[in-house]
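Take a look at the structure below.
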There are 2 protein chains.
Amino acid sequence: MKVRLPMRDTPPPPFDLDAFLPYLLNQAAEASSHAFATIYRREYGMTRTQWRVMANLGKFGAMSATEICRISHLEKTMVSRAVSQLERDGHLSRAPSPDDKRREVLSLTTEGRAVFAELGARGMAFQAELAQMLGAARMAELEAALRVLIAQNRAPEGED
Amino acid sequence: MKVRLPMRDTPPPPFDLDAFLPYLLNQAAEASSHAFATIYRREYGMTRTQWRVMANLGKFGAMSATEICRISHLEKTMVSRAVSQLERDGHLSRAPSPDDKRREVLSLTTEGRAVFAELGARGMAFQAELAQMLGAARMAELEAALRVLIAQNRAPEGED
DNA sequence: TTGACATTGTTGCAATTGCAACCAATAACA
DNA sequence: TGTTATTGGTTGCAATTGCAACAATGTCAA
């Protein structure tokens, strides 16, 4: 049986990066996104930012760049450039807002919607694969935990 | 009771970026790392890569840059530069490997170990806060799920 | 031994990023 | 009104990134 011996001080447990949650999250994010990122990069010539802009327009319909910024938590510079490229590639079109001449209403073109439909379908298939790795219960738990972390740690609107 | 009506085709469920696991993981990673990143950036003038290099040297002791690359999954260019900066700032020192004149054995200086001890302690405190947000059970579940995703999705050594 | 190939770490360079400055349009308000 | 502040979006520029090329060293078989 264990006896409590007198000791000067307990050595502090060493920090282990490989068990540090932000690091694990980052590694999991990179690993899990890799295969899908390859699809929209190689097959559609899109960057991650372009894909996110398209995904938001695909889900929510027409909206302005600033709204996309708020929803997607992307820098407005990146959104501006992604929009230009998506427009150049015929995936979206801009329309001046009638009531506010500063705004531009962005919406997917027919071709953009087609690309979104394809990528969306493949995204859901991909997600199904991930769900299979974990099992449905674990997957749901994971999603819930991630939402807690996001809600509690998200920087409050333009901090830092 | 629901009756199966004849229909042309069921509308496919739309893709929702906000429920896409890679996206959620990325958002959770960014949100959860933000506060801690601020610490090593602002208080120690270190980048994320520098912190990771230091964390690995702190845990494993002396090792070469290439070994750090393998462990941390960082590009060798970034490691090379991070090492230069850490050396410039007195956090680590290089020693030529006696048996292989190409290699350099890297190790933290006394000062580097002190910084690692401080940051490590704060990292563990930070992790404890995160654990409190989720509860111990959820936290353990989360970690397990992340390890599964990493193991199953990690690109097999220099793919792409 | 030599010659082909692999490995370690650095650097050149082009592409990406992000902050700040900017322009134009609108809102707020004295 | 006129004046000032705010907002939507773009662009300049400096810093960061990452791939490819590189020099130096090491390995191994002919």
Side-chain angles (χ1 to χ4, degrees), chain A residues 26 29-30 33-34 37-38 40-42 45-53 56-57 62-89 92-107 155 157-160, chain B residues 26 29-30 33-34 37-38 40-42 45-53 56-57 62-89 92-107 155 157-160:
Chain A
N26 183 70
E30 277 182 19
S33 68
H34 179 265
T38 300
Y40 58 64
R41 274 198 310 102
R42 288 228 260 263
M46 289 170 61
T47 67
R48 169 146 73 182
T49 303
Q50 285 174 53
W51 157 238
R52 287 188 183 176
V53 167
N56 279 300
L57 286 176
M63 61 199 305
S64 76
T66 300
E67 290 173 275
I68 293 181
C69 288
R70 268 195 291 275
I71 290 176
S72 64
H73 301 271
L74 292 165
E75 309 292 323
K76 64 178 181 173
T77 305
M78 293 188 70
V79 171
S80 173
R81 285 168 178 152
V83 166
S84 297
Q85 293 152 351
L86 287 170
E87 187 190 30
R88 160 174 59 68
D89 297 344
L92 70 74
S93 63
R94 320 153 102 119
S97 178
D99 51 319
D100 186 338
K101 274 180 252 173
R102 294 169 302 180
R103 295 181 73 231
E104 286 179 328
V105 180
L106 310 170
S107 51
E157 275 314 317
E159 181 205 311
D160 201 359
Chain B
N26 184 70
E30 277 183 18
S33 68
H34 180 264
T38 301
Y40 57 65
R41 275 199 307 106
R42 288 229 259 264
M46 290 170 60
T47 66
R48 171 147 71 184
T49 304
Q50 285 174 53
W51 157 240
R52 286 188 184 176
V53 167
N56 279 300
L57 287 175
M63 62 199 305
S64 77
T66 300
E67 288 172 276
I68 293 182
C69 287
R70 267 195 291 275
I71 290 176
S72 63
H73 301 271
L74 292 165
E75 309 292 324
K76 65 178 180 173
T77 306
M78 294 188 70
V79 170
S80 173
R81 287 169 178 149
V83 165
S84 297
Q85 293 152 352
L86 287 169
E87 187 190 31
R88 160 174 60 70
D89 296 345
L92 69 73
S93 63
R94 321 155 101 118
S97 178
D99 49 318
D100 186 338
K101 274 182 258 178
R102 294 168 304 177
R103 296 181 73 232
E104 286 179 329
V105 179
L106 310 171
S107 50
E157 276 312 316
E159 181 206 312
D160 196 2

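Convention: sequence-line order gives letters A, B, ...; per-chain numbering from 1.
- Straight-line distance from the CG atom of A:Asp99 to the P atom of D:dT7: 17 Å, rounded to whole Å.
- Residue-level contact check: B:Thr77 touches the bases, meaning some heavy atom is under 4.0 Å from a base atom.
- Partner of B:Val53 under the side chain to side chain contact (heavy atoms under 4.5 Å, CB included) criterion, chosen from B:Leu106, B:Ile68, B:Thr47: B:Ile68.
- When side chains are defined from C-beta on, A:Arg94 does not count as touching A:Ser107, because their heavy atoms never get closer than 4.5 Å.
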request  = Show your reasoning for whether salt bridge (Lys or Arg N to Asp or Glu O under 4.0 Å) applies to B:Glu67 and B:Arg103.
outcome  = CA-CA 10 Å; B:Glu67 288 172 276; B:Arg103 296 181 73 232; 2.9 Å; yes
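- Residue-level contact check: A:Ser64 touches the backbone only, with heavy atoms under 4.0 Å from sugar-phosphate atoms and none from bases.
- Taking atom CZ on B:Arg102 and atom C1' on D:dT27, their separation rounds to 8 Å, with Å as the unit.
- Map A:Thr47 and B:Ala65 each onto its nearest nucleotide of DNA chain C; the residue landing nearer the 5' end is B:Ala65.
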key: B:Val83 vs B:Gln50, side chain to side chain contact (heavy atoms under 4.5 Å, CB included): CA-CA, chis, key distance, verdict   = CA-CA 7 Å; B:Val83 165; B:Gln50 285 174 53; over 6 Å; no
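- Residue contacts shown for B:Lys76 include a base, since a base heavy atom lies under 4.0 Å away.
- Residue B:Val79 comes nearest to B:Cys69 through the heavy atom pair CG2-SG, 3.7 Å, listed as atom of the first residue, atom of the second, then distance.
- In this model, the phosphate group of D:dT10 is approached by a side-chain N or O of A:Ser80 to a distance below 4.0 Å at OP1 or OP2.
- Looking at every heavy atom in both residues, A:Met63 comes nearest to A:Ile71 through CE-CD1, 3.2 Å.
- Between chain A and DNA chain C, the heavy-atom contact criterion of under 4.0 Å yields a 5' to 3' nucleotide range of C:dT17 to C:dT26.
- At the phosphate of D:dG9, OP1 or OP2 sits under 4.0 Å from a side-chain N or O atom of A:Thr66.
- Both A:Arg81 and B:Val79 lie near DNA chain C, and the one whose nearest nucleotide falls closer to the 5' end is B:Val79.
- In this structure, the side chain of A:Ser33 engages the main chain of A:Ala29 through a donor-acceptor pair within 3.5 Å.
- Counting non-hydrogen atoms under 4.0 angstrom, A:Arg94 reaches the backbone sugars and phosphates but no base.
- The separation between A:Met78 atom CE and D:dG8 atom P is 20 Å, rounded to whole Å.
- Rounded to whole Å, atom C1' of D:dG8 lies 16 Å from atom CD1 of A:Ile71.
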